[in-house]
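Notes follow once the structure below has been shown.
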2 protein chains.
Amino acid sequence: MCGPMILSMTAEYALRAMAEIAARGPDDPVRAKDLSETAGVPPSYLSKILRRLAAAGLLTSEKGHGGGFRLSRPASRITFGEVLRAVDVDLSDGGCVFGWGACDAQLPCLLHPAWAELKASLSAWATRSTLAHATSGAAAVKHFRRALRQAAQRPAR
Amino acid sequence: MCGPMILSMTAEYALRAMAEIAARGPDDPVRAKDLSETAGVPPSYLSKILRRLAAAGLLTSEKGHGGGFRLSRPASRITFGEVLRAVDVDLSDGGCVFGWGACDAQLPCLLHPAWAELKASLSAWATRSTLAHATSGAAAVKHFRRALRQAAQRPAR
DNA sequence: TCTTCAATGGATAGTCAAGTCCATTGATGA
DNA sequence: TCATCAATGGACTTGACTATCCATTGAAGA
């Protein structure tokens, strides 16, 4: 249905979940079941992913009544790169596409220049983007929805 | 061994193979078996990938004695994006990470801004980079290796 | 204390990319 | 014409990623 993509499903789910948790604010913990609905992730699979994020120190968890997940740090201090690394993907890690043997700047492989360029850009993105971007996104969405509602209540002419 | 990565193995192999073909110049066709060695791709799998690249019109193939694969256009007119699209990846295609429902600029999802930024950068890279970059890389590698050889022949003092 | 809620962990099953094999087709040279 | 070379196409195997299920642990409220 989705076709092949840049990020794995797991990575995508992790980003969605973290963004959603960030957007709810630090007041009370978010239940996995809630997340699974709003973020559109299969509940039992999401549970696994949240565990990995918690193990990586990005989330804290509380069991039992009123429990759930919480960011372990302010959203502005959690980068996308950290989230991705917690699940499986390391956008900044080495490995040249063509360098299946040795490959470095000294003895570069055929694709080295183009590949280095892409990696730099990915790595910069992953480092620069934080979950705080998601929370501001949430504010924008809320604002837009309110505007929609008000427009709907006004009688059409 | 390689761990999860940005591009699928197939995509990586396709880039390697195309770069290698480009680097050999347009004079005579390259056999799949040769490619499989120099590009480090499993021979029977490479064969499948080359077929897809040929089906996409990026390569022409010749059977039998003296046969092999050739670029269908000058290297400078084949972009990485075209190569990736021929196998499976479309770096410029839509799909928002968070937009599992509807998501557009009008009603953006939480991750929309960050995601759009990444996509734009990937898409630009894929459009800008051509196989000609690989051929110039090949020249650089050759030059460097010659220098290494000459240094080795000179007696150490 | 007992019940309920929610995370934890592991066992299990489905799906698809990755990789292998082999028989066939088409072209070249002997 | 025959043998050889190389691409073609499809069937098949494997393993990792995706996903489900259930029994267990720990915490809060009744």
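Below, each value reflects all heavy atoms present in this structure, side chains not excepted, and no hydrogens, waters or symmetry copies. Labels below follow one simple rule: chain letters A, B, ... track the order of the sequence lines, proteins then strands, and each chain is numbered from 1.
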Of the candidate nucleotides C:dG19, C:dA7, D:dT8, which contains the atom at the shortest distance from the side chain of B:Met9? C:dG19
Selected nucleotide, minimal atom distance to B:Tyr45 side chain, candidates D:dA19, D:dT4, C:dT20: C:dT20
Starting at atom [atom1] of [X], determine the distance to atom [atom2] of [N], rounded to an integer number of angstrom.
X	N	atom1	atom2	result
B:Leu46	C:dA17	CG	P	19 Å
A:Glu12	D:dA19	CD	P	10 Å
B:Leu84	C:dA17	CG	P	16 Å
B:Ile49	D:dT8	CD1	P	14 Å
B:His65	C:dA30	NE2	P	8 Å
A:Tyr13	D:dT20	OH	C1'	13 Å
A:Arg52	D:dT18	CZ	C1'	11 Å
A:Phe69	D:dG26	CZ	C1'	13 Å

Tell whether A:Lys48 reaches the base of C:dT8 with its side chain through a donor-acceptor pair below 3.5 angstrom. no
Report yes or no: is there a donor-acceptor pair, N or O only, under 3.5 Å between the side chain of A:Lys63 and the base of D:dT24? no
Upstream residue (5' side of DNA chain D) when B:Glu62 and A:Gly64 are each assigned their closest nucleotide: B:Glu62
Taking 4.0 Å as the cut-off, does a side-chain nitrogen or oxygen of A:Ser44 come that near to OP1 or OP2 on D:dC21? no
Please check the phosphate of D:dT8 (OP1 and OP2 only) for any side-chain N or O of B:Ser47 closer than 4.0 Å. no
Sugar-phosphate, base or nothing in reach of [X], heavy atoms under 4.0 Å:
X	value
B:Ala32	sugar-phosphate
A:Arg51	base
A:Ser61	sugar-phosphate

Nearest 0.5 Å, what's the CE-CG distance between B:Met18 and B:Leu15? 9.0 Å
Exam field: side chain [X] to backbone [Y], donor-acceptor pair closer than 3.5 Å:
X	Y	answer
B:Ser47	B:Pro43	no
B:Ser76	B:Ala132	no
A:Arg16	A:Ala39	yes
A:Trp125	B:Ala114	yes

